[in-house]
Amino acid sequence: MRKRLLIFAPIILGLYLRLRDLSHIIFTYDQGRDAFMAQEILHGHLKLVGPPTDFGVLFHGPLHYYVMAAIYFFNKDPRFAVIVFALLNLSALYPLYKLTKKLFHSSLAAWFLLLIFAISPELTFDGRYLSNVALVIPTLAWGLYGLFLGTPSSLIFAAIGFGLAAQAQFFLLSLSLPAFMYLLISRKTIKQILTFIGVYTLTISSFFLAEIKFHFQGVKAILTFLHDSSPSTANLFTRFYDSIFSLSQRNLITFIPIINIFILTLALFLLYRQLRSAFYFLLLFTFSFVILLPFAGPGVLFFTIGSLLPLLLLFVSLLKTFPPLGIILCILLVVSQLPHLAKVPETDYTYTGSETGMILSDELNLIDQIYKFPKDITYTSITVPLYINSTWGYLFYWYGNSRYGFVPPYHGNNQIGRPGEFDVSYSDNKQKFSAVIVDGRVPQHWREQLLKKESYYAKYDQTFTYGNFTLLFGPRRN
């Protein structure tokens with residue numbers, strides 16, 4: 001009974017950290033776009049590709065859109081989706097616990113891994129983040145466990161796990177290489193290897209279908225990038241060091257970040273001496289991001305996310321290979337993460353600077369204020385990306401319409417070809433009042449230019465502030 005309570009304590013703590021203050025989640029353009037994509041799927045418009053990558057013509061797999069469609073089928077509230085994502089995030093704890101015990105034969109190492117996972121700011125943020133990247137952790141956890149377990153049936157689960165992780169984050173296709181190398185190192189049979197490759201290929205088949213449909217534009221983009229970009233050896237080494245340093249600083253001992261490099265080196269050395277199979281396994285996956293260095297700048301988060309779980313496993317391995325030091329270091333790690341527990345992760349942690357300030361509670365408070373104005377009103381938004389109203393379009397579609405029974409007409413730029421284009425009600429310019437939602441992330445010169453244009457159509461004489469947003473209201477000019 002006492003052992004079960006110890007195991008469940010980190011899980012309960014992790015659940016609390018991921019579900020507290022659900023209105024304080026990030027909701028920006030990506031979340032609005034994905035919500036509309038989910039609605040399109042629910043209306044029969046199936047998707048072959050998922051969200052775009054930073055490489056323009058390259059897209060993640062459609063897995064995220066279908067997961068969001070399944071969630072929004074039951075409830076269109078993003079906060080409900082966060083609850084599901086938090087549970088998916090924590091579902092990784094079971095395979096990780098089993099994997100840790102299998103790797104190191106240590107219940108203490110397995111328990112500390114649960115605790116570190118539960119309190120990690122990055123993993124907590126993942127569990128509250130409505131994005132394709134949040135699906136990487138649970139799928140990859142099952143992939144890693146199944147691969148190391150190595151039975152014929154577990155290798156099928158491993159292939160599915162790695163395939164779904166690649167669906168969630170395109171660049172994790174790179175994990176197929178260390179997975180294949182480990183199959184060879186662990187001397188699996190030809191039949192097992194071919195089964196793994198076959199199931200994995202089937203799981204990522206949407207990428208092949210998309211390439212055929214769109215005339216191999218993804219392959220062409222990668223080849224063009226590799227031809228035009230040839231970083232020097234020194235540059236690649238700098239990217240490698242910055243990436244592993246950044247990943248360690250975010251997830252290990254935060255107040256002495258440089259020491260993490262020495263800890264990881266010592267952990268690898270001791271594993272090589274004591275647990276050779278665990279050494280090869282963690283070496284391959286901890287540094288799997290090396291394959292992506294030609295594509296990445298220093299410390300790019302999305303490129304190293306596939307190394308996060310192996311990194312934590314490598315750290316807790318010291319509890320088996322050097323217990324006294326391992327206990328001290330694990331306690332230091334937990335202590336260094338404690339300041340983050342006092343606040344929700346979105347307060348000082350986002351994946352990109354573009355998400356800063358896009359808090360759902362502020363957005364909903366602003367919408368409530370718009371509905372307090374006279375009903376004869378039209379609105380527009382000055383937001384990021386410019387001229388795309390998907391964020392506010394979905395919030396009005398879900399929250400405004402369900403709570404107040406109507407959506408005010410929109411008088412901004414045409415939304416044809418934009419996410420949510422079919423759910424826009426355009427203004428006929430007969431309304432008596434007008435509102436403008438101003439996103440604080442928009443550069444000042446753009447804000448001034450667009451507000452000057454708006455001033456020709458309405459006299460904005462009332463101003464309201466909600467976090468990062470400003471709401472202007474006034475009568476339209478005759």
Using 4.0 Å as the upper bound for N to carboxylate O, is an ion pair formed by K459 and D461?
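So D461 does not pair with K459 through a salt bridge.
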For [Y], is there any backbone N or O sitting under 3.5 Å from a side-chain donor or acceptor partner on [X]?
{"X": "S390", "Y": "P419", "result": "yes"}
{"X": "Q369", "Y": "F464", "result": "no"}
{"X": "T286", "Y": "L283", "result": "no"}
{"X": "N365", "Y": "S361", "result": "yes"}

Taking side chain as C-beta onward, heavy atoms only, is [X] less than 4.5 Å from [Y]?
{"X": "V407", "Y": "S425", "answer": "no"}
{"X": "T304", "Y": "R250", "answer": "yes"}
{"X": "F406", "Y": "K375", "answer": "yes"}
{"X": "P51", "Y": "H64", "answer": "yes"}

Atom CZ of F180 with >12 non-hydrogen neighbours under 6.0 angstrom:
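No, because the 6.0 Å sphere around CZ of F180 holds 12 heavy atoms or fewer from other groups.
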So, taking the atom named OH in Y200 and the one named CZ in F162, what distance separates them when rounded to the nearest 0.5 Å?
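The distance works out to 8.5 Å.
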Tell me if the centroids of the rings in [X] and [Y] come within less than 6.0 Å of each other.
{"X": "F473", "Y": "F433", "result": "yes"}
{"X": "Y97", "Y": "Y94", "result": "no"}
{"X": "F207", "Y": "F170", "result": "yes"}
{"X": "F240", "Y": "F289", "result": "yes"}

So which heavy atom on [X] is nearest to which on [Y], and how close?
{"X": "R128", "Y": "R20", "result": "NH1-O, 2.7 Å"}
{"X": "M68", "Y": "A38", "result": "C-CB, 3.8 Å"}
{"X": "L264", "Y": "S248", "result": "CD1-OG, 3.6 Å"}

Just checking, is any N or O donor in the side chain of [X] or [Y] under 3.5 Å from an acceptor N or O on the other one?
{"X": "T356", "Y": "R441", "result": "no"}
{"X": "Y399", "Y": "R403", "result": "yes"}
{"X": "Y460", "Y": "S434", "result": "yes"}

Among residues at least two apart in sequence or on other chains, which ones pass ring-ring contact (aromatic ring centres under 6.0 Å, His included) with F59?
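With neighbours one apart ignored, the set is empty.
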